[in-house]
2 protein chains.
Amino acid sequence: MREASNRSNRRVVYETLRRKVLTLELPPGASLSENELAASLGVSRTPVRESLILLGEEGLVRVFPKVGSFVSRVDAERVADAQFLREAVELAAFDDIPETLDPELVAELRANLEHQREARLDLEKFFELDEAFHHGLLRLSGHGRAWSTVVAAKGHLDRARRLGLHETNGMGRFVDEHHSILDAVVAGDTSSARDSLRAHLRAVFDDIEKTRQRSPELFATDDGSVPVRRSIAVWE
Amino acid sequence: MREASNRSNRRVVYETLRRKVLTLELPPGASLSENELAASLGVSRTPVRESLILLGEEGLVRVFPKVGSFVSRVDAERVADAQFLREAVELAAFDDIPETLDPELVAELRANLEHQREARLDLEKFFELDEAFHHGLLRLSGHGRAWSTVVAAKGHLDRARRLGLHETNGMGRFVDEHHSILDAVVAGDTSSARDSLRAHLRAVFDDIEKTRQRSPELFATDDGSVPVRRSIAVWE
DNA sequence: GTGGCAGGTCTTGTATGTAAGCAGCGTCGA
DNA sequence: TCGACGCTGCTTACATACAAGACCTGCCAC
């Protein structure tokens with residue numbers, strides 16, 4: 001019945017749920033019943049449950065034993081933690097940038113920036129390119145593998161950013177900042193690249209903070225309280 | 001039959017397995033059959049399987065579908081990745097050290113160093129204190145929560161370190177280095193503290209490198225090849 | 001002797017059954 | 001009217017049954 005896929009059901013379910021949580025398609029507080037999800041996705045509870053456990057470890061889902069599982073609130077502390085981590089890692093990588101850069105990778109980054117400009121009004125597309133760009137910066141210094149750790153830690157940061165960017169009219173400014181960073185790196189001016197990158201990351205974070213002050217309800221502190229059980233889940 | 005514990009079976013199994021992997025009690029390459037582990041631990045396959053999945057995400061275990069699960073080899077690349085990450089995070093934290101330190105925390109760190117000196121011949125005890133010390137340094141700057149991410153990423157680094165320290169005669173040198181770091185921090189000399197911390201972390205890493213050159217077989221690159229199935233598991 | 005095939009046994013992946021607990025709501029009593 | 005109590009339906013946690021594939025071993029043919 002199910003096609004012979006190399007990717008296990010669990011992997012598919014995990015990635016599907018993760019994407020929906022990060023894109024806020026499954027909003028904070030949404031109920032994630034194992035039974036409902038299993039029925040919706042056409043699999044048994046097992047892969048769903050295993051996925052929820054993984055998302056729980058990542059902090060994107062909270063599992064309350066015998067009560068229910070819910071998409072976690074966007075936690076301001078976790079957002080700040082992720083900001084600190086990514087800044088530390090990305091800046092530290094610039095200390096290890098080699099004298100001569102991998103020309104192929106530089107070309108890839110330049111092409112990425114072109115696509116960013118084209119996609120500056122398409123939130124999802126832009127986010128995807130933004131991720132690849134920052135990952136690429138790490139790869140320039142040979143620390144590309146550290147990106148996965150950053151990715152795993154910055155779920156709350158990404159959701160907070162999305163909350164803010166829904167009110168923004170275009171990501172042109174970010175593209176400009178990306179350009180500054182890459183130009184400085186290519187010019188061999190590591191110090192300037194560091195400053196530009198730090199400024200860029202801080203600007204993103206400041207936007208989030210502004211959003212938080214405007215709409216604090218979106219950032220409800222994620223204490224141990226159990227959300228109301230009513231199904232908020234938006235699930236087709 | 002089983003006592004009403006707040007900690008779920010899965011949590012207990014996960015932490016048990018993780019500890020045994022990190023302490024090399026379960027050596028790299030050891031077979032981790034879900035059935036065997038379930039029988040040994042007196043639980044069903046479910047919590048064991050869920051734990052193995054989590055350890056797999058952490059990189060400590062490799063799961064080969066329909067073949068078996070095995071403790072992952074100590075991977076030199078992953079060791080280097082973890083080294084980069086922890087250095088980035090710990091050094092970046094020093095940029096945010098406040099003017100006046102939390103005196104309670106400082107006292108705790110000083111007491112920790114006393115215990116380190118007492119335990120400098122007891123590997124496991126020393127490791128525990130070492131972890132708490134570095135975590136404490138992060139807490140000084142208000143970034144204590146970032147430690148969990150570092151912990152989750154540095155499993156390979158910890159195992160590599162253990163491999164090396166089995167051949168060492170005491171951790172007195174590390175205690176001295178810890179003292180230098182803390183003294184510089186307390187004196188408000190952040191720059192010197194950074195230098196000392198970086199030197200300390202690099203020294204640890206150099207030790208690992210030396211071990212790797214002496215005993216490369218312990219660091220077999222962890223490619224996709226399936227280990228022999230014969231049960232290497234040491235399990236009482 | 002050697003190569004190849006088949007079967008048995010192991011593995012993980014998935015589905016489902018069972019247990020135990022929390023929450024909400026209605027009802028009953030004061 | 002209001003509070004307490006129990007029932008009902010939901011949840012996750014755990015156990016178990018089944019499916020499908022990989023590997024090893026031994027036998028058989030050549």
Side-chain angles (χ1 to χ4, degrees), chain A residues 1-17 29-57 60-72 224-233 235, chain B residues 1-17 29-57 60-72 224-233 235:
Chain A
M1 190 65 55
R2 196 160 11 265
E3 76 278 13
S5 160
N6 242 349
R7 303 159 65 70
S8 66
N9 279 352
R10 195 198 85 221
R11 208 73 215 172
V12 173
V13 171
Y14 168 74
E15 289 173 4
T16 302
L17 288 177
S31 167
L32 297 173
S33 157
E34 290 178 6
N35 275 313
E36 284 183 23
L37 291 177
S40 298
L41 299 169
V43 298
S44 81
R45 279 171 33 222
T46 303
V48 171
R49 171 177 171 76
E50 290 169 353
S51 298
L52 289 180
I53 290 173
L54 286 175
L55 292 168
E57 287 295 311
L60 295 177
V61 164
R62 299 205 57 169
V63 179
F64 297 90
K66 321 285 180 144
V67 175
S69 301
F70 306 87
V71 179
S72 67
S225 67
V226 180
V228 289
R229 183 181 285 175
R230 116 191 112 83
S231 174
I232 324 175
W235 200 266
Chain B
M1 192 61 58
R2 196 161 9 266
E3 75 279 15
S5 160
N6 242 351
R7 302 161 66 72
S8 65
N9 278 352
R10 195 197 84 223
R11 209 74 214 169
V12 173
V13 171
Y14 168 75
E15 288 173 5
T16 301
L17 288 177
S31 167
L32 297 174
S33 157
E34 293 178 5
N35 277 313
E36 282 183 24
L37 291 178
S40 298
L41 299 169
V43 296
S44 82
R45 269 185 59 209
T46 303
V48 171
R49 172 176 172 75
E50 289 167 355
S51 297
L52 289 180
I53 290 173
L54 287 175
L55 292 168
E57 288 295 311
L60 295 176
V61 164
R62 299 204 58 169
V63 178
F64 297 90
K66 323 283 182 146
V67 175
S69 301
F70 306 87
V71 179
S72 68
S225 68
V226 181
V228 290
R229 183 181 286 174
R230 118 191 110 83
S231 175
I232 323 174
W235 200 268

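In what follows, chains are A, B, ... by sequence order, proteins preceding strands, each numbered from 1.
Using a 4.5 Å cut-off on side-chain heavy atoms (C-beta onward), B:Val43 and B:Val13 make contact. Within the 4.5 Å cutoff, side-chain heavy atoms of B:Leu17 are placed close to those of B:Leu55. Side-chain contact check for A:Ser72 versus A:Val61: every heavy-atom pair is 4.5 Å or farther apart.
The distance from atom CD of B:Glu34 to atom P of C:dT14 is 11 Å, rounded to the nearest whole Å. The distance between atom NZ of A:Lys66 and atom P of D:dT12, rounded to the nearest whole Å, is 11 Å. The CZ-P distance, from B:Arg49 to D:dA19, rounds to 17 Å in whole Å. The distance between atom CG of A:Asn9 and atom P of D:dA20, rounded to the nearest whole Å, is 13 Å. Between the C1' atom of C:dG13 and the CD1 atom of A:Ile53 lies a distance of 15 Å, rounded to the nearest Å. Atom P of nucleotide C:dA15 and atom CD of A:Glu50 are separated by 10 Å, given to the nearest angstrom. B:Asn35 places its CG atom 15 Å from the P atom of D:dC18, with the value rounded to the nearest Å. One interatomic measurement links the two molecules: CZ of B:Arg45 to C1' of C:dA15, which rounds to 12 Å at whole-angstrom precision.
A:Ser69 has no side-chain polar atom (N or O) that falls below the 4.0 Å cut-off from OP1 or OP2 of D:dT11. The phosphate of C:dT14 (OP1 or OP2) has no side-chain N or O of A:Arg10 nearer than 4.0 angstrom. OP1 and OP2 of C:dT14 both lie 4.0 Å or more from every side-chain N or O belonging to A:Ser44. Residue A:Thr46 has no polar side-chain atom (N or O) positioned under 4.0 Å from OP1 or OP2 of C:dT16. Residue A:Ser8 places no side-chain N or O under 4.0 Å from the OP1 or OP2 atom of C:dG13.
With distances taken from any side-chain atom of A:Pro47 to the nucleotides C:dA15, C:dT12, C:dC22, the minimum falls on C:dA15. Nearest nucleotide to the A:Glu36 side chain, out of D:dT11, D:dA17, D:dC14: D:dT11.
Closest approach of B:Phe70 to B:Leu32, counting heavy atoms only: C-CD1, 4.3 Å.
Judged by distance alone, with hydrogens and angles left aside, A:Arg11 brings no side-chain donor or acceptor close enough to the base of C:dG13 to form a pair under 3.5 Å.
A salt bridge does not link A:Glu50 with B:Arg10: every distance from a Lys NZ or Arg NE/NH1/NH2 to an Asp or Glu carboxylate oxygen is 4.0 Å or more.
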